[in-house]
Amino acid sequence: MHYYTGQIIGLIVAETQAIAQEAVGLVKVHYSELPHILSIEEAIENNSYFPVNRRIVKGDIEKGLEEADFVFEGETRIGGQEHFYLETQATLIIPKLEDKEFEIHSSTQNPTETQITVASVLGIDANRIVCRVKRLGGGFGGKETRSIPLSLALAVGAWHLKKPIRCMLDRDEDIIISGQRHPFLGRWKVGVTKDGKLLAMDVQIYNNGGWSADLSVAVLERSMTHVDNCYYVPNVRIIGHLCKTNIHSNTAFRGFGGPQGMMITENIMCEIADSMGIDVNDFREKNLYVEGQQTHFNQTLKDWHVPLIYRQVKNDSEFEKRREEIDKFNSEHKWRKRGLALIPTKFGISFTALHLNQAGALVHIYHDGSVLISHGGVEMGQGLHTKMLQIAAETLDVPLETVHLMETATNLVGNTSATAASVSSDINGYAVSNACKTLAERLKPYREKMPDKSFKEIVHAAYFDRVNLSANGFYKTPDIGYNWDKNEGQMFFYFTMGAACTEVEIDVLTGDHTILRTDLCMDIGRSINYAIDVGQIEGAFVQGVGWCTIEETLHFPNGHTIHSSKGVGEPPLFLGSSVFFAIRDAIKSARQSNNNGATVALSSPATPEIIRLACDDEIVKNCKVERKDGESAWALRV
Ligand SMILES: Nc1nc2c(c(=O)[nH]1)N[C@H]1C(S)=C(S)[C@@H](COP(=O)(O)O)O[C@H]1N2
Ligand SMILES: Cc1nc(=O)[nH]c2[nH]cnc12
Ligand code: MOS
């Protein structure tokens with residue numbers, strides 16, 4: 001039996017939540033402490049991995065490292081993150097008591113996986129189970145798979161008790177049970193020429209999967225395909241390792257390993273620039289991909305705008321002028337330091353698992369002229385349903401209020417992929433558009449015969465002619481299909497790109513930081529709904545800031561898309577790291593004024609404690625405690 005924190009070992013069903021929770025308190029569990037592994041470092045020490053063999057190799061890494069004028073080595077440690085969606089995990093299961101039918105209302109990004117898994121646990125066919133989702137109070141990836149264990153437990157209860165059962169986790173139960181963003185570790189060796197060109201990048205990437213594989217392989221894959229961020233390196237070897245530990249099973253979280261991969265890269269860029277004594281922005285610009293070059297997974301970059309975006313943000317933010325002002329400020333202040341960072345990002349849009357890049361829709365036109373649409377995507381606050389309604393209204397050429405969307409359900413559209421990977425607007429948008437085009441075609445002769453009649457009269461005429469007024473729509477992303485063994489085939493349909501420039505001030509003595517200004521630019525194509533997309537960019541940015549400055553998940557003791565819009569849900573998150581790198585820049589200044597070596601391997605999140613210690617001034621030096629043999633930290637970073 002594999003034990004882990006937050007493992008569900010039983011289910012107590014009662015008339016009310018209060019009675020059930022009181023009953024839980026009466027259960028006596030006899031624990032015996034077994035050998036356990038919690039952190040990435042402990043998993044490496046104990047060789048505790050899930051059987052995964054993922055690598056991306058391009059060029060000749062040995063040769064590249066040999067030819068390099070300088071070779072640098074280092075380690076980058078990245079923390080996890082709790083989703084903290086406002087609505088905690090919640091499920092209602094209703095046994096229909098006939099033909100073994102069940103109805104599930106779950107707060108899940110994955111109705112189909114809920115349906116299929118509950119069916120397999122109850123030993124019945126999926127066609128007897130419907131999973132329905134109106135909307136989520138946030139998901140952020142945390143309900144892509146981790147909503148299902150709760151549904152499974154309740155399904156077994158409902159099977160035996162033949163009664164509807166509902167459960168919504170309390171916040172503390174949710175945090176300990178449901179899984180978080182993967183913590184990562186990158187161990188890297190990078191070769192550079194003396195004029196600052198990247199020649200070779202050799203990276204071992206580790207993520208903390210927790211007790212079960214869950215989505216951790218796909219998360220590891222995405223970190224490996226984003227560890228180039230925006231830079232061309234001719235010789236690359238990326239090897240991924242999935243650590244198996246006894247903590248909760250870590251899972252999807254906005255960016256899905258991409259931000260973690262890019263965090264490794266941008267720390268590499270900073271630490272190498274520091275060591276070579278060159279400006280990190282020149283170093284970045286000198287190594288940016290140019291249009292037509294291929295990534296390390298052999299995808300040719302088309303519509304490649306990062307160099308333009310990077311320069312635009314640099315100009316609009318008055319980077320050079322402010323750089324001088326900040327250097328002057330820093331020369332006049334010892335206990336307050338300012339930092340400035342300009343960070344680019346690209347994010348691959350497609351599920352890396354090819355079969356998930358498909359979507360369906362179902363549209364009914366009722367003979368009163370009203371339209372009902374449904375599709376495979378779940379509304380979690382990202383504004384998906386609004387965009388789908390816009391597409392339907394535009395394709396059918398009717399006013400927006402004619403169209404309604406009631407819910408997402410497995411008996412409306414089957415075999416849906418999780419709402420994830422920032423692709424839902426693209427793939428469900430096309431499915432809705434395809435269904436509406438079919439219906440528009442069927443109505444065309446009636447529109448031509450009755451050009452000045454209302455939509456209701458036109459639909460009515462078609463109905464009396466016995467025209468089929470329902471249509472299913474389907475879409476599968478073209479052109480993609482990557483082969484990991486051969487490192488060939490297009491991995492992503494396209495990339496969403498951007499850059500952010502942030503200025504911060506740190507209080508060297510408290511380790512506190514303040515964000516003074518951020519200039520941000522995202523290329524989101526031609527937006528379907530500008531207000532939604534701005535909201536997504538702002539929300540993702542702030543969530544990224546939390547991830548790399550505040551939120552610590554410790555363990556105690558021990559074109560071709562729809563409207564050519566672009567996936568916008570996850571890509572902006574990494575730009576929050578511009579705060580982290582501005583903090584790093586300020587720390588560098590603090591260290592220089594204490595005659596420390598300029599560079600620092602700053603681990604994320606840069607909490608006040610981490611910032612304070614990294615400044616490493618004489619006060620810190622005097623109160624540092626070296627760990628004695630056999631001593632372990634009271635708070636273990638997993
Ligand atoms: N308000 C809100 N925005 C959100 C989320 C959420 O849960 N709430 N999830 C994010 C994540 S993890 C993803 S993958 C995308 C999913 O929706 P999309 O595919 O339609 O972009 O929304 C992003 N934006
Ligand atoms: C399953 C999956 N594959 C991806 O490539 N990206 C994702 N984001 C969230 N889930 C996924
Ligand atoms: O792809 Mo989002 O659900 S992590």
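Computed over heavy atoms, backbone and side chain alike; hydrogens, waters and symmetry mates excluded. Counting starts at 1 for both ligands and their atoms, following the listed order.
Ligand 3 has no nitrogen or oxygen under 3.5 angstrom from a nitrogen or oxygen of G255. By the 3.5 Å distance cut-off applied to N or O atoms, E570 is counted among the residues near ligand 3.
Relative orientation of the F297 and Y482 rings is perpendicular, given thresholds of 30° and 60° on the angle between their planes. Taking the six-membered ring where tryptophan is involved, the planes of H385 and H375 are perpendicular, since the angle between them exceeds 60° and thus also 30°.
Closest to atom 1 (O) of ligand 3, if we only count protein heavy atoms, is A421 N, 2.7 Å. Of all protein heavy atoms, the one lying nearest to atom 4 (S) of ligand 3 is R254 N, 3.1 Å. For atom 3 (O) of ligand 3, the closest non-hydrogen atom of the protein is Q109 NE2, 2.9 Å.
No more than 12 heavy atoms of other residues, nucleotides or ligands shown are found within 6.0 angstrom of CZ on F84. Within a 6.0 Å sphere centred on CG of N415, other residues, nucleotides and ligands contribute 12 heavy atoms or fewer.
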Just list the N/O pairs, ligand 2 to protein, that are under 3.5 Å apart, with the distance for each.
{"residue": "ligand 2", "atom": "5 (O)", "partner": "R222", "partner atom": "NE", "Å": "3.4"}
{"residue": "ligand 2", "atom": "5 (O)", "partner": "R222", "partner atom": "NH2", "Å": "2.9"}
{"residue": "ligand 2", "atom": "5 (O)", "partner": "T352", "partner atom": "N", "Å": "2.9"}
{"residue": "ligand 2", "atom": "5 (O)", "partner": "T352", "partner atom": "OG1", "Å": "3.3"}
{"residue": "ligand 2", "atom": "6 (N)", "partner": "R222", "partner atom": "NE", "Å": "3.4"}
{"residue": "ligand 2", "atom": "8 (N)", "partner": "A421", "partner atom": "N", "Å": "3.4"}
{"residue": "ligand 2", "atom": "10 (N)", "partner": "E144", "partner atom": "OE1", "Å": "2.9"}
{"residue": "ligand 2", "atom": "10 (N)", "partner": "E144", "partner atom": "OE2", "Å": "2.9"}

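A cation-pi contact links K143 to Y85, judged by a cut-off of 6.0 Å to the six-membered ring centre and 45° from its axis.
Under 3.5 Å, the side chains of Y289 and D228 contain a donor-acceptor pair of N or O atoms. Checking H182 against S216 by side-chain atom types alone, a donor-acceptor pair falls below 3.5 Å.
Side-chain atoms of D170 never come within 3.5 Å of backbone atoms of D172 as a donor-acceptor pair (strictly under, hydrogens ignored).
Atoms of ligand 3 lying under 4.0 Å from any heavy atom of G141, numbered from 1 in the order shown and given with element: 3 (O), 4 (S). Residue contact check: A420 has heavy atoms under 4.0 Å from atoms 1 (O), 3 (O) of ligand 3. The contact set between ligand 3 and E144, taken as ligand atoms under 4.0 Å from a residue heavy atom, comprises 3 (O).
Of the residues T114, T108, N110, the one that meets the side chain to side chain donor-acceptor pair (under 3.5 Å) test with S147 is T108.
When heavy-atom distances to ligand 1 are checked against 4.0 Å, the residues falling inside are G138, G139, F140, G141, R254, M380, G381, Q382, A420, A421, S422, V423, S424, S425, Q536, G569, E570, ordered by chain and number.
One distance of note links CD of Q299 with CZ of F495; it measures 4.0 Å at 0.5 Å rounding.
Taking a cutoff of 4.0 Å between a charged side-chain nitrogen and a carboxylate oxygen, E407 and R132 qualify as a salt bridge. Remark: D533 engages K387 in a salt bridge, criterion side-chain N to carboxylate O under 4.0 Å. With respect to E221 and R54, a salt bridge is recorded, a charged nitrogen being found less than 4.0 Å from a carboxylate O.
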